[in-house]
Colleague: 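Pasting in a structure now, in structure tokens, and then I'll have a few things to ask.
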Amino acid sequence: MKNSKTTFKEISEIFQTIEEIASRNEITEILASFYRELTSEEGEILSYLILGRVAPFFVNSEFNYSEKSLISLLEKYAKAKDIDIRVQQERDRLGDIGDTVKLFSEKCGFVSKGASLFEAYDTLWGIVKTEGNGSVERKNSIILGALESFSPLEAKYFVRVICGQLRFGISFKTLLDVFSFVVVGDKSLRLDLDRAYGICADIGYIYSCIAQKARMEAVESLKNLKIQPGIPVMPRLVERVGSFEETFERTGSPALVQPKFDGLRCQIHKYESKDFEHREYIWKKYLSRKDIGLFEQASNDVEIKLFTRNLEDVTEMFPEIAESAKAISDKSFILDSEVLGFKDGKFLPFQDTMQRRRKYSIGDASKNIPVKGMVFDVLFLNGKDLIEQDTQKRVETLSKIEMGESLELCETKEVSDLDSLMQIFHENVEKGYEGVIVKMLSGEYLPGVRNYDWIKLKKSMMNTLVDTVDLVCVGYYYGSGRRSDFGVGAILGALYNEKTDGYEAICKVGTGFSDEQLRSIKGQLETKIEEGQPQNVLCPENLKPDIWVYPEVVFTVEADEITKRLGEENIGGGLSLRFPRLVEWNRDKSSNDATRVSELIKMFEMK
DNA sequence: TGTGTCTGCCC
DNA sequence: ATTCTGC
DNA sequence: GCAGAATGGGCAGACACA
């Protein structure tokens, strides 16, 4: 280990090294040797920074400041100081906010004042904690002050952290590989690290468990981590397959089948506050250092906590779920569920459920949009960790829990042949659900893992149930990162309106194209560029593209659903598409053969 | 007090 | 969320 | 096949500003 404190300059230099390397294995080794030179605390901080954060995901610590704010700040600064740089244009050209800031910093002649990693980290926390009236201005001055004290290279990575755009090809999974390398020089600790992170999704804390330790000691420290109701577990995720036939090849037969609801993932925790307090959980000690307020003093005997898929605490948003959980006779548990609006005996669409994701007027909202939690798994019950048990056994245990009013046991069926699977799938689609989830009978609840033991079959898998529309391209957007090399990040699609002989933009399409397609799209669109918005094109304000294009090229888009858009409802029937993806570019069709507004309205009404 | 812009989080 | 690509 | 990075619609909240 080094004697001196690590500087932010050293951090930016290692970031630069990493950025130039494509091989993740190589990056892993380089980063691991860098970590070995750091103190434990520096390693923890670096881990958060690599994830574009200052604290774990479940700790409320967002910058609320991103590219657009930064660009407008720099433009103001350049104007005031008469510096010759057009920030937005450079960003469009470079495709990266970090490179833009580096250029800006070079033009300003800023030089490094040698800030330490700790100082940079404190500055980042300062941005996070700045809120309320005038906060944008205050954040601006913190950031400007920082930029003036950084070299262009430091500035580049500093703003990339704020914008969450590090783009090294490293996320928490690769960081766990890095940690394994730090201890043993290979990936053999990865399983222990995965397990630990799955029940304690704090990358900094996980690092502190293994820092400066030999193998035995590190493994022991990871194994000591236990599931603790009140602290979220990473939800298990599902994989998709290409066909129904593939399902049983993956899960084996028989398998368990459950409905797939279109709502919000919700992990329901119940525990007695005395248990939480008495365990003196080491994690609590660690987080309290930063004055985060995650573990407030418990006021009740029984505590309920609800967490989203990304571990955000949403307890206050769903009081009826919390009440029902409280009413269950079991003293402690962790349930996995999908929460969705439910009124007059019917489940409500996703957009309605989303309105419950709110901070204010929860009482009114819960009257208008009552929710129900459909419970499909149990991870912990009456003091006992169940995640190592087979899914079949956990589901059986779950079925014996008496659910309250706003909670309902999710139906689970055992299925062993394709016909029954298809039948259940169709039944669920007819009930209006998204499809089904198929699960292998055996196997643990693996926190945070997405593999083929759990599979989703969505109705959009079937040709007859997916929405396919032909849109006319009326514009495109500059991309970011690797997309900026192509000059196109996404395209704007429009419907044809035969009554006006015009085109009405309804949605952007940014996925589904291969690199090769992207190149040919750019080439083709370049020949059709229009100075401004073409006369015969209508477009909602928030869809306006960077570059307008004369409406000629027709492309086919698939979508899971046609959705109702609020505002500017005269354009495109006020409709849009959910999860739009390109399936075919440059259809051999003239633009007035594209899907018509009236046709999309009909499709929407038919569903 | 209302409106527009931006951000973060759901899917 | 969906999709593509490098390893 | 994994891991990461591109990208989507649409919701509420936080601010700035008129």
Side-chain angles (χ1 to χ4, degrees), chain A residues 22-28 57 60 62-72 95 130-139 163-177 237 239-240 261-266 308-312 314 317 338-340 349-362 365 434 449-452 456 458 460 477 479-486 488-493 506-518 540-543 557-567 575-583:
Chain A
S23 154
R24 237 187 353 255
N25 284 331
E26 209 179 317
I27 290 176
T28 302
F57 288 100
N60 202 326
E62 277 59 52
F63 293 108
N64 286 306
Y65 194 98
S66 200
E67 261 198 43
K68 296 208 165 140
S69 313
L70 197 50
I71 288 169
S72 88
T130 301
E131 56 188 10
N133 230 294
S135 64
V136 172
E137 210 40 57
R138 284 184 339 261
K139 284 184 193 191
C163 297
Q165 307 261 299
L166 236 30
R167 287 197 277 239
F168 296 153
I170 301 183
S171 192
F172 74 89
K173 289 174 186 187
T174 305
L175 269 184
L176 296 179
D177 274 345
L237 304 171
E239 193 53 270
R240 289 172 304 170
F261 299 102
D262 192 10
L264 309 176
R265 186 80 175 263
C266 182
T308 66
R309 198 190 110 137
N310 290 319
L311 315 184
E312 196 194 339
V314 289
M317 295 178 197
E338 188 82 4
V339 165
L340 62 166
F350 180 72
Q351 278 170 280
D352 291 357
T353 304
M354 276 294 281
Q355 293 175 27
R356 286 297 306 274
R357 217 189 157 282
R358 58 165 57 240
K359 193 169 165 184
Y360 306 110
S361 317
I362 289 163
E434 258 196 312
V449 167
R450 187 197 299 273
N451 67 17
Y452 290 93
K456 64 174 153 187
K458 290 184 67 169
S460 54
Y477 308 83
S480 304
R482 67 191 306 277
R483 282 283 171 91
S484 72
D485 299 341
F486 297 100
V488 177
I491 55 181
L492 177 60
I506 59 160
C507 82
K508 301 195 267 186
V509 182
T511 191
F513 10 67
S514 63
D515 288 3
E516 200 184 340
Q517 264 177 325
L518 223 36
E541 196 57 41
N542 62 344
L543 293 180
V557 168
E558 265 181 15
D560 275 22
E561 216 174 1
I562 300 163
T563 55
K564 193 108 194 141
R565 174 167 46 78
L566 282 168
L575 299 175
S576 193
L577 304 177
R578 190 182 190 194
F579 311 143
R581 56 260 186 191
L582 180 77
V583 291

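Proteins get letters first, then strands, A, B, ... in listed order; numbering begins at 1 in each.
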Colleague: Is the closest side-chain heavy-atom distance between A:Arg356 and A:Val339 below 4.5 Å?
Modeller: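 The answer is no; the side chains never approach within 4.5 Å.
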Colleague: Heavy-atom nearest nucleotide on DNA chain D for A:Ile170 versus A:Leu575: which residue maps closer to 5'?
Modeller: A:Ile170
Colleague: Do the non-hydrogen side-chain atoms of A:Leu264 and A:Met354 ever get within less than 4.5 Å of each other?
Modeller: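 Of all side-chain heavy-atom pairs linking A:Met354 with A:Leu264, at least one is under 4.5 Å.
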Colleague: Taking the side chain as every heavy atom from C-beta outward, state whether A:Glu239 and A:Lys456 have any pair of such atoms under 4.5 Å apart.
Modeller: no
Colleague: Taking only the C1' atom of each, what is the distance from B:dG8 to C:dA1 in whole angstrom?
Modeller: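 Those two atoms are separated by 16 Å.
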Colleague: Between A:Leu175 and A:Glu137, which is nearer to the 5' end of DNA chain D once each is assigned its nearest nucleotide?
Modeller: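 The answer here is A:Leu175.
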Colleague: I'd like to compare against my own output: the B/S/- annotation of nucleotides 1-7 of chain C with a strict under-4.0 Å heavy-atom distance to protein.
Modeller: SBBSSBS
Colleague: Residues in side chain to side chain donor-acceptor pair (under 3.5 Å) with A:Asp485, at least two apart?
Modeller: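 For A:Asp485, no residue satisfies side chain to side chain donor-acceptor pair (under 3.5 Å) once neighbours in sequence are set aside.
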Colleague: Could you give the start and end, 5' to 3', of the contact zone on DNA chain B for chain A, using atoms under 4.0 Å from its heavy atoms?
Modeller: B:dC6 to B:dC11
Colleague: Both A:Phe63 and A:Glu541 contact DNA chain B. Taking the nearest nucleotide for each, which residue is further toward the 5' end?
Modeller: A:Glu541
Colleague: Is there a side-chain contact between A:Lys139 and A:Ser69 (heavy atoms, below 4.5 Å)?
Modeller: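 Not in contact.
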Colleague: Roughly how far, to the nearest 0.5 Å, is the CG atom of A:Leu577 from the CD1 atom of A:Ile562?
Modeller: 6.5 Å
Colleague: Quick one, A:Thr130 and A:Glu137 - any side-chain contact, counting heavy atoms below 4.5 Å?
Modeller: no
Colleague: NA contact type, A:Ile71, heavy-atom cut-off 4.0 Å: base, sugar-phosphate, or nothing?
Modeller: nothing
Colleague: For A:Glu131, report the nucleic acid contact type (base, sugar-phosphate, nothing); a contact means any heavy atom under 4.0 Å.
Modeller: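 Sugar-phosphate contact only.
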Colleague: Check whether any side-chain N or O of A:Thr308 sits under 3.5 Å from a backbone N or O of A:Asn310 as a donor-acceptor pair, and report yes or no.
Modeller: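 Checking the backbone N and O of A:Asn310 against the side chain of A:Thr308, a donor-acceptor pair under 3.5 Å is found.
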Colleague: 5'-most contact on DNA chain B: A:Val314 or A:Lys68, nearest heavy atom basis?
Modeller: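 The answer here is A:Lys68.
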Colleague: Holding to salt bridge (charged side-chain N to carboxylate O under 4.0 Å, His left out), I want the full list of residues that pass it with A:Glu312, two or more places apart in sequence or in another chain.
Modeller: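 A:Glu312: salt bridge (charged side-chain N to carboxylate O under 4.0 Å, His left out) contacts with A:Arg357.
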Colleague: Is the shortest side-chain heavy-atom distance between A:Ile491 and A:Phe513 below 4.5 Å?
Modeller: yes
Colleague: Taking 5' to 3' order, which nucleotide of DNA chain D is first and which is last to have an atom within less than 4.0 Å of a heavy atom in chain A?
Modeller: D:dG1 to D:dA16
Colleague: Students often get this wrong, so: under 4.0 angstrom with heavy atoms, is A:Glu561 touching a base, only sugar-phosphate, or nothing?
Modeller: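 Touches nothing.
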Colleague: Across the strands shown, which category fits A:Thr308 at heavy-atom distances under 4.0 angstrom: base, sugar-phosphate, nothing?
Modeller: sugar-phosphate
Colleague: Name the nucleic acid region contacted by A:Lys139, choosing base, sugar-phosphate or nothing; use a 4.0 angstrom heavy-atom cut-off, strictly under.
Modeller: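 Contact class for A:Lys139: none.
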Colleague: A:Tyr477: which residues meet the ring-ring contact (aromatic ring centres under 6.0 Å, His included) condition with it, sequence neighbours left out?
Modeller: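 Expected list: none.
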